[in-house]
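Just so you know, ligand 1 is whichever comes first in the structure, and atom 1 is the first atom listed for that ligand. Everything numeric here is computed off the predicted structure, so don't read it as measured data.
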Amino acid sequence: MVRIVETSVRDGHQSLFATRMSTEEVVKLCKLYDDAGYYAIEVWGGATFDACMRFLDEDPWERLREVRKVCKKTKLQMLFRGQNILGYRHYSDDVVDMFCKKSIENGIDIIRVFDALNDIRNLEQAVKSTKKYGGECQIALSYTTSPVHTIKYYVSLAKKIEKLGADSICVKDMAGVLTPEDATKLISALKKEVKIPIELHSHCTAGICEMTYMAAIKAGVDIVDTSVSPLSNGTAQPSTQALCVALKGTEYDPKLNMKPIHEAEPIVTDIVAKYLKNGLLNPKSFEVNPNILNYYVPGGMLSNMIKQLTDQGAMDRYEEVLKEIPNVRKDLGYPPLVTPMSQMVGTQAVLNVLNGERYKMCAKEIKDYLHGKYGKAPGKINEEVKKKIIGDDETITCRPADLLEPEFDRLKEKYKDIAKCDEDVLSLALFENVATEFLKKKYNKQETEVDEFEMFI
Ligand code: CO
């Protein structure tokens, strides 16, 4: 029997309509999903944290607590970017520890941790802390293809992860480039070499995902990630209902209780219709796009790049930029294109094409990467390019977070006028500007409500 993790309320809307589902919508669906018999529901982390405050004026911690209240039987899962937590820089170990603690306290059961470079050292603290507070820790391997990303590479990484103390491993194919043939080889090899459960997470962007899932299931994968349709396919995960039909009566039958899922369908249909109507969901997101198999570009990265080019009035250079991506990636030692590397490589490709000279201009993040501040590159960095960008600067080879002083107490002091709890401090630590504005509004509003109430007494 294969188990299922439901993704519609996290990756589903993050991939299809920029993470705009409201807490009310998420809670309504989770209440039904709780009776379906999923292995877990992915409800938090990724871009949901930032989007809650930035676009919806909602507290992400409150969303988690609300979901926990209605999910009494099913495990709740979140996505966590290793030493980056949910932000874009490296945080010190004590902040990572506090974030794991508070996530678990507020209702998370499973923390899925990944690092864009698959640098194990960036995962260590998150694993340690998740286990310390009684959580289940899953490590996700960022999947990509390149001369260094072979089956042997992934198997050796998986063995190290098992040793690190992870409870399970996920193959995280954010761009949807894993083919059925490669899935058969990779999953078979992982099942042979490691004992902990293996999960597969992919996207339908290239149009091959269902076939890949089937191949992985036959090769013995334990869990797959799917999303309730019509909030599925396109740049999101395959349909939960369709997979259940395809596996019904077989030895892999996930045996979900379909009644609550069918009850959720009209709600999901209304949500999809709402975001199609307000334009946040572009019907293009549902189109099959096999081109990504050539460029390894995740959906979100593509839309980012299109925006950068449109802003510069340079959409006519789109094809050139697409072709430059694999070159930049090679120069940087083949990083998997997942946040934050996808944004960094995409922006560099745009700069290289628009400036008419490669690496004439570079973002600070690329310089930091070359200095070793993100960890170890998977492959060899092009020395000529490196020299052009950072000259003979010294680079670091230790675990990047070893250079960071503990910072939680300092942050707590810094934000003492705005933050009312440790959760607020963490929100501010991750997204200072957005959280400052959000929390000011939140607490001002509450104070005004109290004042008005007092006036009537
Ligand atoms: Co995903």
Side-chain angles (χ1 to χ4, degrees), residues 4-21 26 38-51 76-82 84-86 88 108 110-118 138-145 154 168-179 183 186-187 198-210 212-213 216 221 223-229 231-240 243 281 285-286 288-289 292-293 295-304 335-343 346:
I4 292 191
V5 168
E6 173 59 42
T7 63
S8 50
V9 291
R10 204 288 296 174
D11 205 352
H13 67 117
Q14 180 172 328
S15 297
L16 286 168
F17 47 90
T19 338
R20 297 299 211 283
M21 213 191 264
V26 169
Y38 288 112
Y39 180 71
I41 311 169
E42 191 192 34
V43 293
W44 214 57
T48 62
F49 195 91
D50 181 14
L76 300 181
Q77 183 172 311
M78 75 171 290
L79 182 65
F80 193 107
R81 252 189 324 267
N84 295 159
I85 309 179
L86 305 173
Y88 299 98
I108 288 293
I110 309 173
I111 303 190
R112 173 183 287 174
V113 195
F114 77 98
D115 175 62
L117 299 177
N118 291 320
Q138 179 179 75
I139 299 270
L141 312 170
S142 304
Y143 180 80
T144 188
T145 50
Y154 281 114
S168 61
I169 290 174
C170 173
V171 174
K172 179 177 162 63
D173 175 25
M174 52 280 166
V177 296
L178 180 65
T179 63
L186 179 60
I187 301 296
I198 308 291
E199 179 161 350
L200 177 61
H201 173 95
S202 184
H203 289 253
C204 299
T205 327
I208 57 172
C209 193
E210 285 97 335
T212 301
Y213 270 28
V221 82
I223 310 169
V224 291
D225 289 7
T226 65
S227 184
V228 162
S229 43
L231 216 163
S232 64
N233 295 86
T235 45
Q237 275 74 53
S239 154
T240 305
L243 190 76
L281 172 53
S285 300
F286 288 115
V288 170
N289 181 5
I292 61 149
L293 294 171
Y295 303 115
Y296 318 100
V297 183
M301 176 177 169
L302 214 56
S303 49
N304 243 351
L337 296 184
V338 63
T339 305
M341 290 313 303
S342 45
Q343 290 86 341

Peer 1: Could you tell me whether the side chain of Asn118 reaches within less than 4.5 Å of the side chain of Tyr154, counting heavy atoms only?
Peer 2: yes
Peer 1: Between Asn84 and Pro340, is any pair of side-chain heavy atoms under 4.5 Å apart?
Peer 2: yes
Peer 1: Taking the ring centre of each residue, are Phe80 and Phe114 less than 6.0 Å apart?
Peer 2: no
Peer 1: List nothing but the number: protein N/O/S atoms under 2.8 Å from the Co ion (ligand 1).
Peer 2: 3
Peer 1: Only counting residues at least two apart or in another chain, list the ones meeting side-chain contact (heavy atoms from CB on, under 4.5 Å) with Asn233.
Peer 2: Cys204, Glu210, Ser239
Peer 1: Please examine the side chains of Tyr213 and Ser202, heavy atoms only from C-beta on, and report whether any two atoms are closer than 4.5 Å.
Peer 2: yes
Peer 1: Taking the side chain from Ser8 and the backbone from Gly12, do they hold a donor-acceptor pair closer than 3.5 Å?
Peer 2: no
